[in-house]
> 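Have a look at this one before I ask anything.
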Amino acid sequence: MSFETVLKAAQDGDADAQVAMGYLFYRGDGVGQDRREAARWFGLAADQGNAEGMCNLAYIKAHGYGVRGDLEGAIALYEKSAELGYPPAMFNLGFMYSDVEGVEQDWAKARMWYSRAAEAGSLPALYRLGVIMQEGRGCERDPKGALDCFSRALDAGYPQAALRMASMLMSGDGVPRSPDRAARALSKAADAGDPDAMLELGRMSLSGEGMVKSEANAVKWLKKARARGSAEAAEMLQQMGK
């Protein structure tokens, strides 16, 4: 669809086209990047009750991209979008209450919104929910619940969860110790291209814990990690004369 077609639809009041125009100006995709103009288009869509437009405008307000920063306004828009069932808004609300400077930290609200986002299919939210359970942020520690979150996130295609999962399984942090299961989790993440998982597999290959002890296998994984920018893997290979 051409720019002129999208613009015409947006000018005629099509909310989805207005969101599309917002993205074009936010990214500078085929037009000069103009985040104030992006905010205007997202705002027009938001005024029509479009959840994606609300969420995107909230994001711009939260970061002060092209407009005055407004954390309270961002939270209000995220809440409207979330109540319409938009998972990214639910996740962003959780993040606002757990991590954003200038917003009073509230782990109960963070957990609630991460939970709702996870139920709606957000894998980053499922991972963050696991972190909250593992660390006991605003709640009793729940290692088994955390491990379940990490395992489900990994199985659904979120490789970042493997490192937390493997760490718990290697140390027996509130769950049965299982180096073999840790290695399987890391292998899944490594096959998905995660360099940190590759690095850990290299270490485990050297120690023989959770997998067959093999310098050749360690070198293989460390080289893969180095190729993806791991300075630690590069240092280990140098020390090994590889």
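Remember, predicted model here, so these are calculated numbers, not experimental data.
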> Do the non-hydrogen side-chain atoms of R141 and D173 ever get within less than 4.5 Å of each other?
yes
> Keeping the roles fixed (side chain from Q105, backbone from S98), state whether a donor-acceptor pair exists under 3.5 Å.
yes
> Is M204 reachable from L237 through a run of I, L, V, M, F, W or Y residues, each pair having side-chain heavy atoms under 4.5 Å apart?
no
> Where do W41 and G22 come nearest, in terms of heavy atoms and distance?
CB-N, 3.7 Å
> Are R40 and D34 within salt-bridge range, i.e. N to O under 4.0 Å?
no
> Measuring from atom OH of Y97 to atom CD of E104, what distance do you get when rounded to the nearest 0.5 angstrom?
9.5 Å
> Side-chain contact, heavy-atom cut-off 4.5 Å: Q160 with L123?
no
> To the nearest 0.5 Å, tell me how far S81 OG sits from N56 CG.
8.5 Å
> Could you give the distance from CD (E209) to CG (D180), rounded to the nearest 0.5 Å?
9.5 Å
> Please name the pair of heavy atoms, one in A185 and one in A162, separated by the smallest distance, quoted to 0.1 Å.
O-CB, 3.5 Å
> Grab the two heavy atoms, one from A117 and one from P87, that are nearest each other, plus how far apart they are.
CB-O, 4.0 Å
> Measure the NZ-CG distance between K8 and D14 for me, rounded to the nearest 0.5 Å.
11.0 Å
> For the residue pair K223 and V219, establish whether any side-chain heavy-atom pair is separated by less than 4.5 Å.
yes
> State, to 0.1 Å, how close A183 and G210 come at their nearest heavy-atom pair, and which atoms those are.
CB-O, 3.5 Å
> Could you walk me through whether K242 and L222 satisfy the side-chain contact (heavy atoms from CB on, under 4.5 Å) test, starting with their C-alpha distance in whole Å, then the side-chain angles of each, then the deciding distance to 0.1 Å, before giving a yes or no?
CA-CA 10 Å; K242 304 295 182 179; L222 291 172; over 6 Å; no
> Determine whether L57 and M54 satisfy the following criterion, side-chain contact (heavy atoms from CB on, under 4.5 Å), listing intermediate values before the conclusion.
CA-CA 5 Å; L57 181 58; M54 292 175 188; 6.0 Å; no
> Taking 4.0 angstrom as the limit, do E119 and R116 come out as a salt bridge?
no
> State, with a plain yes or no, whether a side-chain heavy atom of K224 is found less than 4.5 Å away from one of L201.
no
> May I ask you to test the V131-R137 pair for a side-chain heavy-atom distance under 4.5 Å?
no
> If you measure from the Lys or Arg side-chain nitrogens to the Asp or Glu carboxylate oxygens, is any gap between D194 and R228 under 4.0 Å?
no
> Under 3.5 Å, is there a donor-acceptor pair between the side chain of R36 and the main chain of G66?
yes
> Does any N or O in the side chain of R177 come within less than 3.5 Å of the main-chain N or O of S171, such that one atom is a donor and the other an acceptor?
no
> Verify the cluster assignment for Y86 and F95: are they in a single hydrophobic cluster under the rule of side-chain heavy atoms below 4.5 Å apart?
no
> Looking at CD1 of I60 and SG of C55, how far apart are the two atoms once the value is rounded to the nearest 0.5 Å?
10.5 Å
> Evaluate the side-chain contact (heavy atoms from CB on, under 4.5 Å) criterion for residues M165 and R184: first the C-alpha distance (whole Å), next the side-chain angles of each, then the deciding distance (0.1 Å), finally the verdict.
CA-CA 10 Å; M165 184 176 174; R184 290 196 298 273; over 6 Å; no
> Output yes when E79 and K109 qualify as a salt bridge under the 4.0 Å nitrogen-oxygen rule, no when they do not.
no
> May I have the step-by-step check of side-chain contact (heavy atoms from CB on, under 4.5 Å) for F150 and Q134, ending in yes or no?
CA-CA 10 Å; F150 296 143; Q134 182 189 11; 3.7 Å; yes
> Within the structure provided, determine whether L7 and M21 are in side-chain contact (heavy-atom separation under 4.5 Å).
yes
> For atom NZ of K80, is the number of surrounding heavy atoms from other residues, nucleotides or ligands below 6.0 Å larger than 12?
no
> Shortest non-hydrogen contact from A45 to V19?
CB-CG2, 3.6 Å
> Do R128 and D99 come within less than 4.5 Å of each other through their side chains, counting heavy atoms only?
yes
> Is any side-chain N of the basic residue among E72 and K61 closer than 4.0 Å to the acidic one's carboxylate O?
no
> Backbone N or O of L163 within a donor-acceptor pair of the S167 side chain at under 3.5 Å?
no
> Using the rule that two of Ile, Leu, Val, Met, Phe, Trp, Tyr join whenever any of their side-chain heavy atoms come within less than 4.5 Å, decide whether M90 and L71 are in one cluster.
yes
> When clusters are formed by joining ILVMFWY residues with side-chain heavy atoms under 4.5 Å apart, either directly or through shared neighbours, do Y78 and L84 land in the same one?
yes
> Same cluster or not: are Y158 and L186 linked, directly or through other Ile, Leu, Val, Met, Phe, Trp or Tyr residues, by side-chain heavy atoms under 4.5 angstrom apart?
no
> Relative to the ring of Y114, is the ring of F91 parallel (under 30°), tilted (30 to 60°) or perpendicular (over 60°)?
tilted
> Can you label the angle between the Y65 ring and the H63 ring as parallel, tilted or perpendicular, going by 30° and 60°?
parallel
> Looking at every non-hydrogen atom in both residues, tell me the closest pair between A74 and M96 and how far apart they are.
CB-CE, 4.3 Å
> Hey, what's the ring geometry for F42 with Y23, parallel, tilted or perpendicular (30° and 60° as the breaks)?
perpendicular
> Who are the side chain to side chain contact (heavy atoms under 4.5 Å, CB included) partners of A218, not counting sequence neighbours?
S205, L206
> Would you say R226 and M198 make side-chain contact, with heavy atoms under 4.5 Å?
no
> Please round to the nearest 0.5 Å and tell me the distance separating atom CG of D70 and atom CG of L77.
8.5 Å
